[in-house]
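As structure tokens, the structure follows; a few thoughts come after it.
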Amino acid sequence: QKGGYDHFMLKEIYEQPRALADTVHPRISDGLPSFEAQDDIPEGFWRQFDTISIVACGTAMHAGMIGKNLIERLARIPVECDIASEFRYRDPILGKHSLVLLISQSGETADTLAALRLARERGATTLAVVNVTGSSIAREADYVIRTFAGPEIAVASTKAYSVQLSVMYLIAIRLALANRAVDDARARELTSGLLGAIETTKDVLGLNVEIKEYIKRYESLRDLFFLGRGLDYALSMEGSLKLKEISYIHCEAYAAGELKHGTISLVTEGVPVVAVATQETLLPKMVSNIKEVHSRGADVLLVCKQGLEVDPEIYSKRLDLPALDDLFMPVVGVIVLQLLAYHTAVLRGCDVDKPRNLAKSVTVE
Ligand code: F6R
């Protein structure tokens, strides 16, 4: 059942190249994203909205954070991204030109479902990105985009996140094109960038052994910090959630520029920091934040992009990701963070596939 892997989680991490291809390929038509054939969403759909709310919980919300960044950047439409349990109770401003995008692996998460119902009541158009066919969220949403991760057994979500992310790219490019924020040529270039990123996920899995070796120092750890900026910050949120939920290490993900506004007081000799620095445009700023923690004794693991120059004095270990355009780095970056969480949990003897206190589908509020 585990296909030769020790845990479902590892199996599911390795299934990502396939899950991504299965989700994205049926939605490419003539070199551009299209949801017409697969999801019955007409091209005109994407031109109707002046605001977008992305609503989800946990890992799915982290995919939404990246979606917000991509849509705003490419399509220039304002996007808010909310935790479903917060969205519901803050009297959100919605109308007939609002799109509410719900993301859920199970399609049964109680707060996400309630947010969907609220959005419909308020006259917004609802679009759900779900992995489970026939689930409540899939049934009740106006439009549905199915992800094809296949069944996810491990409680900690891995492949479902990746496919949600890939749909965020497709939506962002489609919206950008429909709203004329990019021309046809640029949209094609972005689409092929996404396909290229998916191809390279196989190479990133090759870092498995190196990661397993490195994390031996995390065996008796209590606290760890993730740092990142922009897309790397959103990715750090996911890396931190993954590590804490299965290894029981207390972690925090910090926007690197925010650290000096309080939290840096916790960084002392030997405190491990995972610095996610895949964004070339933000690299000088990230490097100065890494210097700040390094000078206080932090033990820095640098997750970087191949070819970027960083002074080796300021980190203990560097993991290099394929040199893709900044925009696509989360597609490959998340795999490193998943493997980091997985091996740390195994090393610490945790029940990787069934962490304590957690359920695969959260149907209570
Ligand atoms: C973490 C994890 C959870 C879920 C969250 C939402 O690894 O799996 O944070 O992402 O409970 O679940 P879905 O996507 O089913 O709505």
Side-chain angles (χ1 to χ4, degrees), residues 7-13 15-16 19 23 53-67 81-88 100-119 126-141 144-168 226 234-249 251 253 334-335 337-342 344-345 350-365:
H7 299 94
F8 282 110
M9 182 176 175
L10 190 62
K11 173 174 179 265
E12 289 163 6
I13 290 173
E15 281 170 354
Q16 291 179 114
T23 301
S53 307
I54 303 181
V55 184
C57 299
T59 286
M61 198 281 289
H62 295 154
M65 284 175 71
I66 303 230
C81 177
D82 257 296
I83 296 166
S85 57
E86 290 295 317
F87 178 82
R88 289 176 63 185
V100 177
L101 182 58
L102 304 120
I103 310 175
S104 177
Q105 186 287 126
S106 62
E108 299 297 345
T109 300
D111 280 311
T112 311
L113 179 59
L116 161 68
R117 289 176 180 157
L118 175 73
T126 55
L127 168 61
V129 177
V130 293
N131 196 49
V132 178
T133 330
S135 55
S136 307
I137 292 173
R139 284 198 315 271
E140 292 191 31
V144 182
I145 297 175
R146 268 286 314 283
T147 50
F148 299 121
E152 197 179 52
I153 311 289
V155 165
S157 182
T158 54
K159 60 177 180 170
Y161 171 88
S162 282
V163 295
Q164 287 160 355
L165 205 62
S166 69
V167 171
M168 294 302 115
F226 284 87
L235 201 59
S236 296
M237 297 280 291
E238 175 55 11
S240 170
L241 177 64
K242 219 81 306 174
L243 187 59
K244 73 183 105 176
E245 75 174 317
I246 63 168
S247 76
Y248 314 143
I249 294 171
C251 325
V334 72
I335 296 178
L337 304 185
Q338 293 165 347
L339 288 169
L340 190 82
Y342 171 76
T344 306
C350 302
D351 188 352
V352 174
D353 285 335
K354 288 200 187 68
R356 67 187 180 211
N357 307 341
L358 291 171
K360 185 67 190 159
S361 164
V362 182
T363 51
V364 290
E365 296 180 16

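Note that ligands are numbered from 1 as they come in the structure, with each ligand's atoms numbered from 1 the same way.
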Check the side chains of Thr158 and Gln338 for a donor-acceptor pair under 3.5 angstrom, ignoring hydrogens and angles. no

Which residues pass the ring pair (Phe, Tyr, Trp, His ring centres under 6.0 Å) test with Phe87, not counting sequence neighbours? none

Residue list, salt bridge (charged side-chain N to carboxylate O under 4.0 Å, His left out) with Glu152, at least two apart or on another chain: Lys360

Filter the ligand 1-protein atom pairs down to N or O on both sides and distance under 3.5 Å, then list them.
| unit_1 | atom_1 | unit_2 | atom_2 | d |
| --- | --- | --- | --- | --- |
| ligand 1 | 7 (O) | Thr59 | OG1 | 3.3 |
| ligand 1 | 7 (O) | Ser157 | N | 2.9 |
| ligand 1 | 7 (O) | Lys242 | NZ | 2.8 |
| ligand 1 | 7 (O) | Glu245 | OE1 | 3.4 |
| ligand 1 | 7 (O) | Glu245 | OE2 | 2.4 |
| ligand 1 | 8 (O) | Val155 | O | 3.4 |
| ligand 1 | 9 (O) | Thr59 | N | 3.2 |
| ligand 1 | 10 (O) | Thr59 | N | 3.2 |
| ligand 1 | 12 (O) | Thr109 | OG1 | 3.4 |
| ligand 1 | 14 (O) | Gln105 | N | 2.6 |
| ligand 1 | 15 (O) | Ser106 | N | 2.8 |
| ligand 1 | 15 (O) | Ser106 | OG | 2.6 |
| ligand 1 | 15 (O) | Thr109 | OG1 | 3.4 |
| ligand 1 | 16 (O) | Ser104 | OG | 2.6 |
| ligand 1 | 16 (O) | Thr109 | OG1 | 2.5 |

Any donor-acceptor pair under 3.5 Å linking the side chain of Thr147 with the backbone of Ala149? no

Test item: Val100 and Leu116 side chains (from C-beta on) under 4.5 Å apart, heavy atoms: no

Set of side chain to side chain contact (heavy atoms under 4.5 Å, CB included) partners for Glu365, sequence neighbours left out: Arg88, Tyr89, Ala110, Asp111

